[in-house]
Amino acid sequence: MNFYVTTPIYYVNDQPHIGHAYTTVAADVLARYHRMRGRDVYFQTGTDEHGQKVQSAAEERGLDPKGHADMMVENFKTLWTKLDISHDAFIRTTDADHTKVVRELLQRLWDEKQIVKRTYSGWYCTPDERFWMEKDLVEGCCPDCGREVEKIEEDNYFFLMSEYQDRLTEHIQKNPGYILPETRRNEVLGFLKNQPLGDLCISRPKTRLAWGVTLPFDEDFVTYVWFDALLNYYSGAQYLAPAEFKKTNGDLAPWPATHHLIGKDILTTHAVYWSTMLMALEIPLPENIFAHGWWTVEGRKMSKSLGNVVEPAGVAEKYGVDAFRYFLLREVPFGLDGDFSEDALVNRINTELANDLGNLQSRVLKMVAKYCKSEVPEPEETEEEMKALAEGILDALEGHLEVLQFQRALDEIWKLVSFVNKYIDTNAPWALAKDPAKAGRLRTVLYSSTEALRFLALYLHPFMPGSTVKLWRTLGQGEDLREISLDKEARWGRLKPGTGLLDEGPLFPRIDTGKKERERAKFEPKRATEKAIGEMRQKLSGKEGKDMEEKAADNLISIDGLTKVEIKTGKVLKAEAVEGSNKLIRLEVDTGEPRQIVAGIGNAYRPEDLEGKTIVVVTNLKPAKLMGIESQGMLLAATGPDGEPSVLMPDREVPPGSKIK
RNA sequence: GGCGGUGUAGCUCAGUCGGUUAGAGCAUGCGGCUCAUAUCCGCAGUGUCCGGGGUUCGAAUCCCUGCACCGCCA
């Protein structure tokens, strides 16, 4: 039985973000793990390159769509190299071989009357490439993106998906592991139960969309992207996978896929469209579709407009590829949503990678260097408890990874890390070393600790390939860790006494947060104020400033005009998000007297970050109601070039209610 | 609106079939060690298990109900 794992094919136009990295790293861990278990692994990722957006983007740059895709695909390919992704194949939907498979299968469905031609009328949103029903429109516009839609009546081809509703429901019910996690499975079952399944429009007339796979039975149409895209999982297995798979595992091998890893946003597409397509084609279904969660960033949804898109290459560069990979899989149970923040990442790195694991390696290697001249000592006896723990992890890994519980797998491995740290403390080799009578015991303790490190390198290799290769090397293990068999190596005692150990410095350097915190506390309020002043200066002195000065000449006010405005400092006592608004924050501020202020700064600040801060408030402004809440004054903030507010704060501590003049 | 889910320590969460004193990590406090990357080890906690009602000898767990939040609805 082979092991075939996929990521979705990513839309070639997208800028790779943490979500892409997440799925791909997860798939990579599985692939690496199963290779180490000696299984025939095929791991495929790739890009989706057809459709309106690619066509438009190419036109904008004066390129043909393929040329544009050729350029954009590098974004993904480079990132996967940076993140140590070990995919066996990279499929592009513009591959001639892929297109060929798509056309063959379309033809087959047409011949078997699983595809029919119908007149379709509806409202079409061109940028989103999809039809809407009249009832779904929001004020006559696309409910998804808010842009205008056009009424279209045209012939199209439909895949008779509706015929498979019962079969699909039954398949999902009979195979509890088909859709995971369970909550997603429930969703799909609910979806299938509540309404009749419709047929799926799988074509677009070339007059509207030229960039796609031409229907084999009608030259005037291309196939709609999903039909083309989903088939990659199957087509790649036919023409990109090594031929050996077919010899040992049958004609379709490595198909069917063991796991399709996807984000929860494309669950229906996979669970319903893809499954029924395969049923119609009489191709076996994949064993599992796993929909993982989404990442928020510092507690907010990731979006281009917020400018908080996490760029994986940058994070990997700053903190290390392996630390990033580790964080992604350790922080959140696979399947649930998670939150990415640098603080959380640094915390994981420092506590688990640097303190627990890195320091363990360091203390063991240094002691072997000190007490045994950097050579693995001959143990006096076997530490049975540690042996059982270390060897037992292999089964635990298998269990957890079978259901993609990476977090639990890592948890299991960390039990060994903790055990050895405790073991060293309890046995105190530094004390044993002082007593020649205890030399045998010392050798046992150091041997066992070193042997445990060898297990850790093995088990952690799928998660952190680079660091574990290094660890493996410092343990004097010559063989290439990537090629090694877990079943052979995860046996206690395979570490040979006499092996020379190397010191290559810390495995995971600690990140000094103390300094960072102090700097942030010191500079952040100042920075905001400085920025505001700087911007004003720039405007007044620069070219832009001159224009403004001229324009402003008539608008000049006298000092009296200014003194009418009462501005004071205020200490934020309490801050909370206003319900029903993502921008408004309600603040209770002490400006000498308590007052309530509502400020539209929720995009840039979390309420809890404002509490305790001293801000600047216009205190004699007429009260106004925002979302039904009275705002008694106005908080002053500079607007940055990105449109994000930067709240003014005094340079040094002043009492609440201090006058500003 | 329909369907599904969640609510447990300061934070993130685990809690199997209903069963002893409700757990883990992080954060916090105290103590110990000195091999180690200011690391490691030990101890200490704090709980209206969302509210209300019910079943039961016994409920975080099962049932009903209310509230809050989240997801899915081509």
Side-chain angles (χ1 to χ4, degrees), chain A residues 122 130-133 135-136 143-144 158-159 161-162 165 179 181-202 224 226 264-274 276 291 293-294 296 299 330-333 335-339 341 343-344 346-372 405 407-408 410-412 414-415 417-434 442 445-446 449-450 503 505-515 579 608:
Chain A
R130 60 178 289 185
F131 281 99
W132 296 99
M133 311 255 249
K135 68 175 170 74
D136 294 325
D144 198 40
F158 286 79
F159 162 52
M161 189 164 72
S162 56
Q165 180 158 16
I179 296 165
E182 204 178 331
T183 166
R184 302 293 161 206
R185 177 172 181 261
N186 288 343
E187 270 175 31
V188 176
L189 282 172
F191 171 85
L192 288 169
K193 197 175 73 184
N194 288 331
Q195 66 236 293
L197 195 60
D199 293 326
L200 187 66
C201 179
I202 56 144
Y224 175 56
W226 274 118
K264 61 182 183 178
D265 50 322
I266 50 176
L267 176 63
T268 306
T269 320
H270 284 73
V272 181
Y273 301 179
W274 179 226
T276 53
W294 275 15
T296 52
R330 179 65 188 82
E331 181 75 0
V332 176
L336 301 185
D337 289 350
D339 184 55
S341 71
D343 284 353
V346 167
N347 192 43
R348 288 277 175 204
I349 293 175
N350 280 351
T351 56
E352 288 161 16
L353 295 182
N355 294 354
D356 293 347
L357 176 63
N359 181 58
L360 174 63
Q361 184 230 17
S362 176
R363 67 198 301 209
V364 171
L365 290 192
K366 291 266 163 70
M367 281 191 285
V368 175
K370 209 165 178 175
Y371 307 133
C372 308
Q405 288 306 302
Q407 193 202 29
R408 292 194 175 203
L410 285 166
D411 237 16
E412 212 64 45
W414 243 256
K415 282 184 189 163
V417 176
S418 304
F419 185 92
V420 182
N421 268 324
K422 193 180 298 187
Y423 172 80
I424 291 173
D425 258 56
T426 317
N427 288 284
W430 52 93
L432 297 175
K434 286 176 187 157
L442 176 64
V445 170
L446 291 184
S449 304
T450 316
D503 187 352
L507 206 50
F508 297 100
R510 221 185 127 76
I511 294 158
D512 186 356
T513 50
K515 209 159 96 191
E579 232 179 275
E608 59 267 33

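Chain A is the first sequence line, chain B the second, and so forth, proteins listed ahead of strands; every chain is numbered from 1. All values below were derived from every heavy atom in this structure, side-chain atoms included, with hydrogens, water molecules and symmetry-related copies excluded.
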Sugar-phosphate only, base, or nothing, as touched by R184(A) at under 4.0 Å among non-hydrogen atoms:
sugar-phosphate
Using a cut-off of 4.0 Å on non-hydrogen atoms, how would the nucleic acid contact of P181(A) be classed: base, sugar-phosphate, or nothing?
nothing
I want to check one thing: is the phosphate of G42(B), taken as OP1 and OP2, less than 4.0 Å away from some side-chain N or O of K422(A)?
yes
With T269(A) via side chain to side chain donor-acceptor pair (under 3.5 Å) - residues at least two apart:
none
Report the residue (M367(A) or D265(A)) whose heavy-atom-nearest nucleotide on RNA chain B is the more 5′ of the two.
M367(A)
So if I take every side-chain heavy atom of E187(A) and compare against G71(B), G5(B), C35(B), which nucleotide ends up nearest?
G71(B)
Using a cut-off of 4.0 Å on non-hydrogen atoms, how would the nucleic acid contact of D356(A) be classed: base, sugar-phosphate, or nothing?
sugar-phosphate
Between E182(A) and R185(A), is the closest basic N to carboxylate O distance under 4.0 Å?
no
Strand partner of C30(B), provided both Watson-Crick or wobble distances fall under 3.5 Å
G42(B)
Taking a pair to mean Watson-Crick or G-U wobble geometry with both distances below 3.5 Å, A14(B) pairs with none
Here's a test of your reading of the structure: between L507(A) and L336(A), which maps to the more 5' nucleotide of RNA chain B?
L336(A)
Are the side chains of R330(A) and D411(A) in touch, meaning some heavy atoms are under 4.5 Å apart?
yes
Any side-chain heavy atom of V445(A) sitting closer than 4.5 Å to one from M367(A)?
no
Between CG of L189(A) and C1' of C3(B) the distance, given in whole Å, is 11 Å
Nearest-angstrom distance from the residue atom CG of D343(A) to C1' of U12(B)
14 Å
Between C26(B), C40(B), G15(B), which nucleotide has the shortest distance from any of its atoms to the side chain of N347(A)?
C26(B)
Pick the C1' atom in C64(B) and in A59(B), then give their distance to the nearest Å.
15 Å
U61(B) and G42(B): how far apart are their C1' atoms, nearest whole angstrom?
33 Å
Under 4.0 Å, counting only non-hydrogen atoms across every strand here, what does L365(A) touch: a base, just sugar-phosphate, or nothing?
nothing
Under 3.5 Å donor-acceptor, Q165(A) side chain and Q195(A) backbone:
yes
Taking any strand in view, what nucleotide pairs with A36(B) in a Watson-Crick or G-U wobble way, both distances under 3.5 Å?
none
Side chain proximity check, N421(A) to D425(A), heavy atoms < 4.5 angstrom:
no
State which of C40(B), C35(B), A74(B) makes the closest approach to the side chain of Q195(A).
A74(B)
Would you classify K193(A) as touching base, sugar-phosphate or nothing, given that sugar-phosphate means primed atoms plus P, OP1 and OP2, and contacts are heavy atoms under 4.0 Å?
nothing
Separation of the P atoms in G53(B) and U39(B), to the nearest angstrom:
49 Å
Within this structure, what is the CD-to-C1' distance between Q361(A) and U39(B), rounded to whole angstrom?
14 Å
From the candidates A36(B), G25(B), U39(B), the one with an atom nearest any side-chain atom of S362(A) is A36(B)
Mate of C3(B) where both pairing distances stay under 3.5 Å, Watson-Crick or G-U:
G71(B)
Look at N186(A) and C72(B) and indicate whether a side-chain polar atom (N or O) is within less than 4.0 Å of OP1 or OP2.
no
Base, sugar-phosphate or nothing for L197(A)? Non-hydrogen atoms, less than 4.0 Å.
base
Suppose you measure atom P in C49(B) against the same atom in U8(B); what distance do you get, rounded to whole Å?
11 Å
Check every strand shown and say whether R408(A) touches a base, only sugar-phosphate, or nothing at a heavy-atom separation below 4.0 Å.
sugar-phosphate
I need the CZ-P distance between F191(A) and G71(B), as an integer number of Å.
18 Å
Looking for any heavy atom pair under 4.0 Å, which part of the strands does P506(A) touch: base, sugar-phosphate only, or nothing?
base
Distance, rounded to the nearest Å, where E352(A) contributes CD and U39(B) contributes C1':
15 Å
Re C62(B): Watson-Crick or G-U wobble partner, both distances kept under 3.5 Å, found to be G54(B)
Rounding to the closest angstrom, what is the interatomic distance between U56(B) and G18(B) at atom C1'?
9 Å
Could you give the CG-to-P distance, from L357(A) to A36(B), as a whole number of Å?
18 Å
Please classify the nucleic acid contact of F508(A) as base, sugar-phosphate, or nothing, using heavy-atom distances under 4.0 Å.
base
What is the pairing partner of G47(B), taking Watson-Crick or G-U wobble pairs with both distances under 3.5 Å in any strand?
none
Could you work out the separation of C30(B) and C69(B) based on their C1' atoms and round it to a whole Å?
38 Å
Mind checking the C1' distance from U21(B) to A60(B)? Whole angstroms is fine.
15 Å
Using whole Å, what does the distance between atom C1' of nucleotide U37(B) and atom CG of L353(A) come to?
12 Å
So, OP1 or OP2 of U39(B): does either fall under 4.0 Å of a side-chain N or O from R510(A)?
yes
Inter-nucleotide P distance (C67(B), C11(B)), Å rounded:
25 Å
Would you call W226(A) and W274(A) a side-chain contact if the rule is heavy atoms closer than 4.5 Å?
no
